[in-house]
Number of protein chains: 2
Amino acid sequence: MTDAPAGTPAPPPPSPWERERPARARVAPARAPLSRERVVEAAFTVLDRQGLDGLSMRQVAAELGVTVSALYAHVSSKDDLLELMYTRLFDGFTMPEPDPERWREQVRAYARSGRQRLLSHRDMARISMAHVPFTAELLPHVEALLAVFRTAGLPDHIAAEAGDLISTYIDGFVLEEGMWRDRAGRHGGDGSSLARPDWREMAEEMQNYFASLPAEDFPHLRALAGLMVSDSSDQRFDIGLEIILRGLASYLPDPAACSSPDA
Amino acid sequence: MTDAPAGTPAPPPPSPWERERPARARVAPARAPLSRERVVEAAFTVLDRQGLDGLSMRQVAAELGVTVSALYAHVSSKDDLLELMYTRLFDGFTMPEPDPERWREQVRAYARSGRQRLLSHRDMARISMAHVPFTAELLPHVEALLAVFRTAGLPDHIAAEAGDLISTYIDGFVLEEGMWRDRAGRHGGDGSSLARPDWREMAEEMQNYFASLPAEDFPHLRALAGLMVSDSSDQRFDIGLEIILRGLASYLPDPAACSSPDA
DNA sequence: ATATCTTAATGAACGCCGTTCTCCAGGTGA
DNA sequence: TCACCTGGAGAACGGCGTTCATTAAGATAT
């Protein structure tokens with residue numbers, strides 16, 4: 001991970017009498033050209049280790065074995081860095097040629113892969129939620145998604161909203177996933193435990209809590225608690241996605257598409 | 001002592017996964033100028049004036065003419081304060097008795113009033129997005145929404161997702177609204193100008209930008225740019241909402257409900 | 001009336017944060 | 001050789017959330 005001073009144990013602090021000789025000469029050989037890419041990369045490392053709230057310019061600099069001011073030569077601000085990270089999300093993201101016959105599958109694939117990308121880095125949904133994909137680099141992706149909707153035959157005012165709708169759904173779903181995960185993580189362990197927090201125990205506790213609610217006041221919550229807890233996130237994601245897809249399909253001339261399971 | 005806002009139904013005991021709020025914050029008996037309520041109120045004042053990024057404990061204290069540390073007698077942390085503000089969103093929020101015949105109108109009304117509440121304070125959607133309504137005080141509201149879906153006849157696994165889906169939609173839509181508003185505000189004025197930023201000019205500029213895109217690369221974006229910009233936010237909100245409602249309706253036994261306009 | 005207890009509020013402090021500024025070592029080209 | 005450039009260091013500024021010892025002021029008990 002920390003490949004800057006590879007393997008070398010932490011050097012002792014320089015004694016005051018040798019302050020004439022700055023330790024910098026030893027530490028900084030010409031072998032480390034800093035770059036925007038390296039900064040972004042280090043930012044992802046810090047993000048995954050400490051979460052968005054622990055992602056500071058100082059931590060990124062430390063990850064690179066560099067002072068914080070050095071970062072500002074390659075990144076104009078922290079917001080700029082976050083935007084670079086957001087843009088990085090879409091790298092290699094390609095949409096197939098729009099096929100009116102398979103638009104549902106195409107949108108499903110887009111949404112699922114979008115969710116996977118958000119899940120690939122901690123707190124990534126929070127970063128994504130704070131940005132709008134209408135930058136120059138990201139417009140082609142928006143275009144590709146709109147192409148699928150319009151080619152499928154959706155009316156323009158529906159297609160215009162559909163992109164926002166499913167993007168919001170993806171971000172919002174993963175955001176919520178992350179909040180539950182964090183809560184479960186804080187709940188049982190000291191944080192330094194194994195990667196997977198006691199998710200199972202958490203689910204059980206939720207089940208118990210819902211079951212403990214007064215039956216006359218919360219009949220529906222009690223009835224659905226099992227589904228909300230026990231279903232896998234992937235299942236729940238697909239269900240919500242399917243609701244949206246059916247809603248979109250209802251605007252197509254072909255009425256049969258409306259309620260076909262199609263999954 | 002715990003003078004919860006009157007009228008709300010008795011909240012269930014606190015769930016195990018919500019952050020424990022140490023009861024350290026006690027209500028002063030008689031002659032206390034400062035109170036939890038006043039702190040939250042001042043926080044809203046600061047929020048509306050300076051936005052979420054400018055909402056600091058120090059600013060809230062200054063608003064009250066008090067030192068920062070005084071706040072911590074009534075609020076256990078900034079997160080606690082934000083959660084109180086989030087909960088405040090739902091004050092007086094009531095759902096009518098579920099009517100299977102009118103479930104669409106009921107959900108529409110819920111969503112629209114939810115959006116209005118989010119719009120009533122600057123950056124409120126950002127706060128809402130960061131919270132889950134599964135605290136003791138808020139569970140009744142979740143129950144009421146689920147009741148509408150279940151009473152309407154939706155299958156359980158659909159109803160269980162539907163609540164999350166429309167809540168996420170509301171939050172996400174208003175969040176995006178706010179981001180555009182902020183962008184427009186930063187764009188034209190020095191910030192000290194009139195309340196309404198040059199929204200019109202911004203829309204025009206976006207129109208021009210989209211129109212300037214190469215036609216062969218962005219045909220769909222160019223075709224839909226007018227709709228995305230010129231339509232009022234209220235219209236766009238209703239369109240997305242309708243997509244979701246239709247998707248939900250497709251799971252009802254009655255197939256006629258699927259594509260009925262119903263608006 | 002005096003001493004004690006309680007409690008709201010203070011003010012200083014700690015350790016972070018993003019950002020900016022000055023300065024210097026080392027390499028480059030003339 | 002010397003001036004120039006550049007990438008990074010280091011210190012500093014103001015602001016942040018939070019904690020803690022202390023004070024002032026009322027209430028209570030003696």
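Values reported hereafter were calculated over all heavy atoms of this structure, with side chains retained and with hydrogens, waters and symmetry mates removed. Chain letters run A, B, ... following the sequence lines, proteins first, then strands; residues in each count from 1.
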Check your understanding: Below 4.0 angstrom, N of the basic side chain to O of the carboxylate: do A:Asp234 and A:Arg115 qualify?
Key -> yes
Point to revise | SB check A:Glu37 A:Arg88 (cutoff 4.0 Å) | key: yes
**Study point:** Centroid-centroid distance, B:Tyr169 to B:Phe237, less than 6.0 Å
**Key:** yes
Check your understanding: Looking at B:Phe218 versus B:Phe210, is the centre-to-centre ring distance below 6.0 Å?
Key -> no
Check your understanding: Touch check for B:Val68, heavy atoms < 4.0 angstrom, all strands: base, sugar-phosphate only, or nothing?
Key -> base
Review point. Near DNA chain D, under 4.0 Å by heavy atom, which residues of residues 50-57 of chain B?
Key: B:Leu55, B:Ser56, B:Met57
Review point. Counting only side-chain N and O atoms of B:His74, is one of them less than 4.0 Å from OP1 or OP2 of C:dA8?
Key: no
Exercise for review: Find the distance B:Leu71:CG to C:dG11:C1' and express it as a whole number of Å.
Suggested key: 14 Å
**Study point:** Atom-pair distance (OH on A:Tyr72; P on D:dG8), nearest Å
**Key:** 15 Å
**Study point:** Between C:dC16 (P) and A:Gln59 (CD): distance, integer Å
**Key:** 9 Å
Review point. Within the structure shown, what part of the strands sits under 4.0 Å from A:Ala70 by heavy-atom distance: base, sugar-phosphate, or nothing?
Key: sugar-phosphate
Point to revise | Salt bridge flag under 4.0 Å for residues A:Arg181 and A:Asp123 | key: no
Exercise for review: Give the rounded distance in Å between these two atoms: CG of A:Asp79 and C1' of C:dT19.
Suggested key: 12 Å
**Study point:** Between D:dG7 (P) and A:Leu64 (CG): distance, integer Å
**Key:** 16 Å
Exercise for review: Quickly work out the B:Leu34 CG to C:dT10 P distance and round it to whole Å.
Suggested key: 8 Å
Review point. Under a 4.0 Å N-O cut-off, is there an ion pair linking B:Asp53 with B:Arg126?
Key: yes
Point to revise | Shortest side-chain distance from B:Ser69, nucleotide among C:dT10, D:dG17, C:dT19 | key: C:dT10
Study note, to complete from the structure: Atom CZ of A:Arg58 and atom C1' of D:dG10 are separated, to the nearest Å, by 11 Å
Review point. Counting side-chain heavy atoms from CB outward, which of C:dT10, D:dT19, C:dT19 is closest to B:Val66?
Key: C:dT10
Review point. Does a sphere of radius 6.0 Å around CZ in B:Arg49 hold more than 12 heavy atoms from other residues, nucleotides or ligands, not counting ones at 6.0 Å or beyond?
Key: yes
